Q: 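Quick one: the structure is below, questions incoming.
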Amino acid sequence: MKKLLERIKLCKLPPPQRRSLPYECYWEDSILTQEQERIFSNQWLGLGRSDRLENPGEYEVFELCGQALVLIRNQDKELRLYANTCRHRGAKLLDGTGQCQAISCPFHGWTYSLDGNLMHAKTMAENPSFDFEEHSLIEYKLKELQGFLFVFLGNKPTDLSKQLGNFSELHQPWSMNELVTTRRATFEVQCNWKAFLDVFNEYYHLNNVHPTSIDNLYNKPEEADKTTGDFASQFGFTAGTGALLEVDQINALPIMENLEAPWSLGARYSWIFPNMTFAASQEAIWVYEASPITSMSCRIRQSICFPKNTTTLPGFKEKSQSYYQRLDDALDEDIVALENQQKGLNKSTSLQGQFSTLMEANVATFSEWYANKII
Ligand code: FES
Ligand SMILES: [Fe+2]
């Protein structure tokens, strides 16, 4: 077999000739190490939606690309992101989700303000060489754009606006800032993190994997958009809404205010490289963040969001259940396909095939981007 470097060049060919990523990119540990250095520490990473934590002290604990993190709102209602590790001897500070007045370590009781400053550390004031200010929580750079959160885990933050190019312009019709998260879920899938994002972004599997749930809703997509940042985006018309199962179309909620044709007649699938993707339909968006656990497993966080006005409509609670059901059902089908794909990919005899230019456009764009980053 040709060397990895030679095979990865096939991912940079023009789209009609472009090949999928070399298969060891989906299972080899050394590639995951390379991804940590060249991608996850070197790129703003998507963290889902900012509205999910609303009030001072509300927090969410999670892992992203091997880092244990805690996202929390401070007293001024600003979001902060800290390493979830005590500055004394490293104990984990918080678990799950919740709300607190201050962050208190369960081991010896060091207590930090919501701004990450060490406020109490018993007996340490007696030590003249102890400096409270030197023991603040480790904080990461956090930014927000159109309600999406981004973190930079490396030491040299790059320019987020450059990374996102014409993202805002392309997504402006959906009034992303007006959306609220109504359900958030976390789960693990036994596949490489990239495979999860791949399948969400392609139309090619729909009639094989989702023949009776959602396939008939999706028309052949339009040509993918020209993007200037590190993201891919493709719009497609739908028969009804892609956010509900075929059998549940009667439960459709209103189209977003100010959303006009053609956007009100379909769904836009966007992938913000490397790790966050979402679909924007007429009445909702649903977002996935992927993070590797191992080279062959990943943790996925899912959010579904509606315009605030929609969430106050009578019947929203019942109708929104149909939206959650659509996500759950399609996901169950995707997970079977993904875990089966991973079993095939794990064989070192796998070779790179060509993409369907139109139906796998976002995946092909990611492959080229990834190839440029990884070597
Ligand atoms: S490890 Fe946190 S107070 Fe000791
Ligand atoms: Fe799917």
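Quick note: numbers below take in every heavy atom, side chains included, and nothing from hydrogens, waters or symmetry partners. Indexing begins at 1, ligand by ligand and atom by atom, following the structure's order. Computed from a predicted structure; not experimentally measured.
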Q: If you count the atoms of ligand 1 from 1 in the order shown, which ones are under 4.0 Å from a heavy atom of Trp110?
A: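 Within the 4.0 Å cut-off of Trp110, ligand 1 contributes 3 (S).
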Q: Distance to the ring centre below 6.0 angstrom and angle to the axis at most 45 degrees; does that hold for Lys194 and Tyr26?
A: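 Yes - Lys194 lies over the ring of Tyr26, closer than 6.0 Å to its centre and within 45° of its axis.
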Q: Return the orientation label for the His135 and Phe130 ring planes: parallel under 30°, perpendicular over 60°, tilted otherwise.
A: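 Aromatic pair His135/Phe130 classed parallel.
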Q: Which N/O/S atom belongs to His108 and is the closest one to atom 4 (Fe) of ligand 1?
A: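 Looking only at N, O and S atoms of His108, the one nearest atom 4 (Fe) of ligand 1 is named ND1.
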Q: When the ring planes of Trp174 and Trp263 are compared, do they come out parallel, tilted or perpendicular, using 30° and 60° as the limits?
A: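 The arrangement is tilted - the two ring planes meet at 30° to 60°.
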Q: Have a look at His88 and say which of its N, O or S atoms is nearest atom 4 (Fe) of ligand 1.
A: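 For His88, the N/O/S atom sitting closest to atom 4 (Fe) of ligand 1 is ND1.
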Q: If the plane angle is over 60° it's perpendicular, under 30° parallel, otherwise tilted; pick one for Phe366 and Tyr370.
A: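 Rings of Phe366 and Tyr370: tilted, 30 to 60°.
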Q: Heavy-atom contacts with Ala91 under 4.0 Å: which atoms of ligand 1 show up? List them by number with element.
A: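 Numbered from 1, ligand 1 contributes 1 (S).
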Q: Suppose I only count heavy atoms of Cys86 and a 4.0 Å limit; which atoms of ligand 1 are within that range?
A: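 So the atoms of ligand 1 that pass are 1 (S), 2 (Fe), 3 (S).
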Q: Just give me the atom name: the N, O or S atom of Asp334 closest to the Fe ion (ligand 2).
A: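 Of the nitrogen, oxygen and sulfur atoms in Asp334, the Fe ion (ligand 2) lies nearest to OD1.
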Q: Looking at the Fe ion (ligand 2), which N/O/S atom of His205 is the nearest one?
A: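 The nearest such atom is NE2.
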Q: Please walk me through it: do Cys191 and Ser297 pass side chain to side chain contact (heavy atoms under 4.5 Å, CB included)?
A: CA-CA 5 Å; Cys191 72; Ser297 61; over 6 Å; no
Q: Have Asp115 and Asn74 got a donor and an acceptor in their side chains that come within less than 3.5 Å?
A: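 There is such a pair between these side chains.
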Q: Give a yes or no on whether a salt bridge exists between Arg73 and Glu54, defined as a side-chain N under 4.0 angstrom from a carboxylate O.
A: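 Looking at Arg73 and Glu54, the cut-off is not met.
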Q: Run the numbers for me: atoms of ligand 1, each under 4.0 Å from some heavy atom of Phe107, listed by number.
A: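 Result: 1 (S).
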Q: Flag this pair as yes if the NZ/CZ of Arg299 is under 6.0 angstrom from the six-membered ring centre of Phe62 and inside a 45 degree cone about the axis; otherwise no.
A: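 Verdict for Phe62: no cation-pi partner in Arg299.
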Q: In the protein, what heavy atom is nearest to atom 1 (S) of ligand 1, and what distance, to one decimal place, separates them?
A: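 So the nearest neighbour among protein heavy atoms is Arg89 N, 3.4 Å.
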Q: Counting backbone and side-chain atoms alike, does Cys105 have an N/O/S atom under 2.8 Å from atom 4 (Fe) of ligand 1?
A: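 Checking atom 4 (Fe) of ligand 1 against Cys105, no N, O or S atom falls under 2.8 Å.
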Q: Regarding Glu333, does it place an N, O or S atom less than 2.8 Å from the Fe ion (ligand 2)?
A: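 No - counting backbone and side chain alike, Glu333 has no N, O or S atom under 2.8 Å.
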Q: Could you tell me, atom by atom, which parts of ligand 1 come under 4.0 Å of a heavy atom of Gly109?
A: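 In order of numbering, the contacting atoms are 3 (S).
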